[in-house]
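Naming convention: chains lettered A, B, ... in sequence-line order (proteins, then strands); numbering from 1 in each chain. Here the structure is a predicted model, which is why all the values come from computation and not from measurement.
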Amino acid sequence: MDLLAELNPPQRDAVTHPGGPLLILAGAGSGKTRVLAYRVAHLLRERGVPAARILAVTFTNKAAKEMRDRVDRLVGGGITRAMWIGTFHHICSRILRRHGDRVGIGRNFVIYDDDDQRAVLRRCLKDLGLDERRFPPGVVLAFIDKAKNEAVDHVAYAAQATGFYEEVVARLYRAYQAALREANALAFDDLLLSVPQLFREAPEVCEEYQERFAHVLVDEYQDTNRVQYLIVKTLAERHRNLCVVGDDDQSIYRWRGADVRNILDFERDYPDVTVIKLEQNYRSTKSILAAASGVIAHNPHRHAKVLWTGNAPGDLLSFYEAYDGHDEARMVADEIARLRDGLRYRDMAVLYRTNAQSRLFEEQFLRVGIPYTIVGGVRFYERKEVRDLIAYLRLALNPGDDASFSRVINVPRRGIGDVSLQRLEAFAASGGMGLLQALTRPEGVAELPKAAQRAATDFVGLLERLRDRVLRVRATDLLEAAIVETGYQQMLEGEGTDEAYGRLENLRELVTVAQEFEHTTGESTLEAFLQHLALVTDLDTWQEDVDRATLMTLHSAKGLEFAVVFLAGLEEGLFPHARAFEEEGGVEEERRLCYVGMTRAKQRLYLSHARNRTIFGTTAPAIASRFLDEIPAELIARQQKAPPPEAVWPDEDREVPSFAVGDHVRHATFGEGRVLEVEGEGVRAVVTVRFAQGVKRLALGYAPLQRA
DNA sequence: CAGTCCCAATTTTTT
DNA sequence: ATTGGGACTG
């Protein structure tokens with residue numbers, strides 16, 4: 001197959017560029033993913049670059065997987081197995097597993113997520129005798145993360161800290177890093193920060209990687225932060241074959257430390273750079289592209305770039321001014337149900353600014369019966385039971401993991417409560433031990449009740465039994481064993497509630513995830529699986545092939561496309577978000593986010609806002625987003641106004657008859673029937689009724705149902 | 001020590 | 001509006 005036949009001239013130039021620094025400015029929908037995959041294929045096939053000598057960095061695991069699949073399809077033979085493709089975090093984690101010992105990071109290090117980090121920091125606050133109210137863990141962590149993203153370690157931070165608050169943060173930063181080191185744990189951002197450290201302290205390791213990676217490719221370069229910039233720069237230094245792809249108009253992660261300057265200043269960093277612009281959009285209709293361009297044109301300081309498309313003009317954009325959030329969601333649900341004639345659910349997505357907005361859509365989708373998936377929000381891996389089980393396994397693998405220890409020592413309840421735990425902590429600290437280690441000598445803990453001592457011995461035994469199998473047994477088997485042996489299953493079965501069984505289901509799901517992981521990667525060790533878990537996201541497990549409508553935030557939608565997109569909640573304060581007003585450049589970033597959202601749509605774009613928005617349980621009038629005004633008016637189909645509220649949503653205070661199972665009822669259309677099931681209460685109740693013509697589930701808020 | 005109740009904070013966005 | 005954490009009680 002001729003790789004180049006399907007490419008336009010600039011795409012072709014990008015793919016065949018011989019070497020040296022290459023900046024590809026790729027507008028939305030200009031086929032950049034394709035160009036990257038083709039370029040890798042070209043390097044492998046035409047230029048004979050060994051797969052093992054190519055490094056490709058993507059923004060999400062999903063993108064990594066797609067690139068791998070795509071290149072394999074182009075070149076064949078699973079050639080990408082030897083290639084390094086992954087997110088920055090993945091790549092760095094891999095490097096640290098191999099060479100982390102050079103900077104004092106043990107091979108079995110665990111990766112701490114937000115929750116774990118918070119727990120560690122709280123511990124530090126306590127140890128330093130600081131008040132959590134004055135120094136909320138979340139706020140302090142934000143300071144620390146920000147520093148880490150800017151490649152500032154605790155030493156450098158202490159040196160530049162000014163003012164009382166920052167000096168306290170500096171002390172906390174130091175204690176925090178020490179605690180992490182003690183537990184052989186890395187905070188998420190440490191994965192990145194530790195690599196430049198490693199490269200500094202072990203130059204021969206650095207050189208090894210520099211020599212190895214003949215070609216370095218980076219996707220979504222506009223969203224790299226300072227550390228990532230440093231890593232890329234270092235890795236590509238030897239061969240200078242650095243190809244970065246990005247779009248400054250789609251930089252939406254500044255809050256995470258992303259620095260658009262990385263892309264804007266690329267030409268300054270590499271004066272001999274070749275710049276290629278991809279300006280033809282293959283994704284959207286002319287209307288959609290023009291509307292998005294109209295919005296983004298309001299931003300200053302952009303790389304000059306004019307997107308165009310040869311696609312059809314398409315429909316005008318729809319705009320709906322809803323009465324409130326419920327009404328907005330109702331419109332979307334009804335519209336999706338209507339569009340279902342001709343389109344699949346999976347071709348449609350609802351995008352919103354904040355996760356909290358998802359619930360309204362969920363309600364309405366349930367009402368209309370639209371299958372959906374929500375990406376983000378309460379993530380599977382953040383569910384309590386899942387985290388608990390993982391904590392057991394992490395602790396088995398890494399006995400020094402105090403955060404995991406504290407998490408599970410009393411789950412299920414073992415009679416070792418806060419008081420005992422505090423005494424244990426004191427004992428551990430006095431002996432310089434980890435908590436689990438301290439627990440092996442329960443007699444050393446002051447005033448530990450007899451029952452607690454016995455529980456301690458049992459717990460230590462349990463962990464030893466798990467630990468004993470860690471290296472011998474597959475992760476899946478170990479998980480199954482842990483569910484039972486920890487007593488977790490018994491505890492949940494004992495509760496007997498639907499919720500408890502749901503949690504048990506989630507644990508089984510985790511076993512399935514491990515099975516799939518083993519199946520796709522061939523890795524069966526617990527260590528590999530835990531690392532995988534720490535780095536996967538909701539988006540990565542998002543199933544495109546299932547026919548469901550997608551609900552997600554605008555941020556999650558980056559890099560995706562849908563035939564139909566609903567962009568909801570276009571209100572001042574929500575989108576652009578109120579927080580954006582406080583920061584210099586905040587509104588510009590929101591505008592880019594809007595641009596990203598709009599350009600996800602291929603055929604149809606729906607915009608909506610609510611006149612009344614409920615936040616924190618209080619409803620306030622909302623003003624249409626400025627972004628709506630920035631779209632050329634002639635591209636928007638005249639708005640439909642919301643009907644009066646009574647017609648669209650049942651009044652929450654309305655009197656609704658209540659029914660019990662077995663009641664005889666009458667429905668205007670279905671006649672008489674008998675109630676089989678009642679879920680919820682009041683206007684929100686859903687009753688299942690057997691009528692002569694069949695069983696129906698009805699929402700009491702809508703259904704004209706009376707006592708017979 | 002565990003269960004219950006009450007209050008506060010949450011809602012920006014995520015690898 | 002929901003949820004988690006902290007205080008209080010049994």
Side-chain angles (χ1 to χ4, degrees), chain A residues 57-64 86-93 111 113-115 118-119 122 132-133 136-139 142 145 148-149 186-193 219-220 223-225 227-228 251-258 325 351-360 363 375-379 381-382 384 410-422 448-449 451-452 455 533-540 552-559 569 573-583 586-587 589-590 592-594 596-597 613-619 652 684:
Chain A
V57 187
T58 58
F59 196 70
T60 62
N61 294 300
K62 183 167 173 290
T87 60
F88 273 104
H89 291 85
H90 245 122
I91 304 284
C92 290
S93 170
I111 300 165
D113 66 16
D114 253 24
D115 256 31
R118 204 171 279 243
R122 290 191 123 147
E132 269 194 33
R133 299 182 167 276
V139 175
D145 284 347
K148 285 180 177 176
N149 284 326
L186 293 182
F188 213 81
D189 292 324
D190 290 332
L191 286 173
L192 302 183
L193 189 58
D219 196 6
E220 307 283 7
D223 278 321
T224 51
N225 64 29
V227 187
Q228 293 167 337
S251 167
I252 54 175
Y253 282 95
R254 203 179 58 148
W255 51 274
R256 211 172 70 187
L351 308 182
Y352 37 77
R353 181 66 179 82
T354 68
N355 280 307
Q357 288 166 259
S358 66
R359 247 199 54 223
L360 296 169
E363 280 171 14
V375 177
V378 219
R379 296 181 185 82
Y381 301 104
E382 283 173 14
K384 185 178 177 308
N410 208 28
V411 182
R413 303 215 186 285
R414 296 193 170 80
I416 301 180
D418 286 348
V419 179
S420 299
L421 190 59
Q422 270 176 29
L448 197 62
L533 282 189
L535 299 177
V536 287
T537 66
D538 225 43
L539 186 62
D540 301 325
M552 66 169 110
T553 63
L554 288 152
H555 283 88
S556 296
K558 182 161 92 154
L574 184 60
F575 189 32
H577 197 275
R579 297 295 271 267
F581 302 140
E582 296 161 18
E583 285 180 76
V587 172
E589 174 130 326
E590 298 284 306
R592 290 192 291 268
L593 195 52
C594 185
V596 167
R613 178 67 61 179
T614 306
I615 298 172
F616 297 152
T618 43
T619 305
E652 291 285 326
R684 288 176 184 276

Next item on the list: Taking A:E589 for its side chain and A:R254 for its backbone only, find out whether a donor-acceptor pair lies under 3.5 Å.
Entry: yes
Note to self: Whole angstroms only, please: what is the CD-C1' distance between A:Q357 and C:dT2?
What the structure shows: 16 Å
Notebook entry, point to check: Under 4.0 Å between a side-chain N/O of A:N61 and OP1 or OP2 of B:dT15, yes or no?
Noted result: no
Notebook entry, point to check: Whole-Å distance between B:dT11 C1' and A:R579 CZ?
Noted result: 9 Å
Notebook entry, point to check: Which nucleotide sits closest to the side chain of A:H555: C:dA1, B:dT14, B:dT15?
Noted result: B:dT14
Next item on the list: Let me know the distance between CZ of A:R118 and C1' of B:dT10, rounded to the nearest Å.
Entry: 11 Å
Checklist line | Side chain A:D223, main chain A:S251, donor-acceptor under 3.5 Å | finding: no
Checklist line | Donor-acceptor contact below 3.5 Å, side chain A:Q357 vs main chain A:T354 | finding: yes
Check: Does A:N410 use its side chain to pair, donor to acceptor, with the backbone of A:I416 at less than 3.5 Å?
Finding: yes
Note to self: Quick one: does any side-chain atom of A:N149 pair with a main-chain N or O of A:N225 as donor and acceptor, under 3.5 Å?
What the structure shows: no
Next item on the list: Measure from CZ on A:R256 to C1' on B:dT14 and round the result to the nearest Å.
Entry: 5 Å
Next item on the list: Determine whether A:V57 and A:F88 make a side-chain contact, defined as any pair of heavy atoms from C-beta on separated by less than 4.5 Å.
Entry: yes
Note to self: Quick check on B:dT15: is either OP1 or OP2 less than 4.0 Å from any side-chain nitrogen or oxygen of A:N225?
What the structure shows: no
Margin query: Is any side-chain heavy atom of A:F575 closer than 4.5 Å to one of A:L593?
Written below: yes
Note to self: Counting only side-chain heavy atoms from C-beta out, which of B:dT11, B:dT15, B:dT13 sits nearest to A:T60?
What the structure shows: B:dT15
Notebook entry, point to check: To the side chain of A:T87, which of B:dT15, B:dT13, B:dT11 is closest?
Noted result: B:dT15
Check: When the distance from NE2 of A:H577 to C1' of B:dT14 is rounded to whole Å, what number comes out?
Finding: 15 Å
Check: Do the side chain of A:H89 and the main chain of A:L192 share a donor and acceptor less than 3.5 angstrom apart?
Finding: no
Checklist line | Distance in angstrom units between A:L593 CG and B:dT14 P, rounded | finding: 10 Å
Check: For B:dT14, does either OP1 or OP2 sit under 4.0 Å from a side-chain N or O belonging to A:T553?
Finding: yes
Note to self: Using a 4.0 Å heavy-atom cut-off, does A:Q228 contact any base of the nucleic acid, only the sugar-phosphate backbone, or nothing at all?
What the structure shows: nothing
What N/O pairs connect the protein and nucleotides 6-10 of chain C at under 3.5 Å? Give each pair on its own line.
residue : atom : partner : partner atom : Å
C:dG6   : OP1  : A:R122  : NH2          : 3.2

Notebook entry, point to check: Are A:R579 and A:E583 close enough for a salt bridge, meaning some N to O gap below 4.0 Å?
Noted result: no
Note to self: Nearest whole Å is fine: how far is B:dT14 C1' from A:L554 CG?
What the structure shows: 14 Å
Check: Can you tell which of B:dT15, B:dT13, B:dT11 lies closest to the side chain of A:I615?
Finding: B:dT11
Notebook entry, point to check: Would A:Y253 pass as stacked on B:dT14, i.e. its ring centre under 5.5 Å from the base's six-membered ring centre and planes under 30° apart?
Noted result: no
Check: Does C:dA1 have OP1 or OP2 sitting under 4.0 Å from an N or O in the side chain of A:T614?
Finding: no
Check: So what does A:F59 hit on the nucleic acid, given a heavy-atom distance under 4.0 Å: a base, only sugar-phosphate, or nothing?
Finding: sugar-phosphate
Check: Rounded to the Å, how far apart are A:M552 CE and B:dT14 C1'?
Finding: 14 Å
Notebook entry, point to check: Under the 3.5 angstrom rule, does the side chain of A:Y352 hit a backbone N or O of A:M552 as a donor-acceptor pair?
Noted result: yes
Next item on the list: Tell me which of A:F88 and A:E590 sits closer to the 5' end of DNA chain B, going by the nucleotide each one is nearest to.
Entry: A:E590
Next item on the list: Go along nucleotides 1-7 of chain B 5' to 3' and tag each nucleotide: B for a protein heavy atom under 4.0 Å from its base, S when only backbone or sugar atoms are that close, - otherwise.
Entry: SSS----
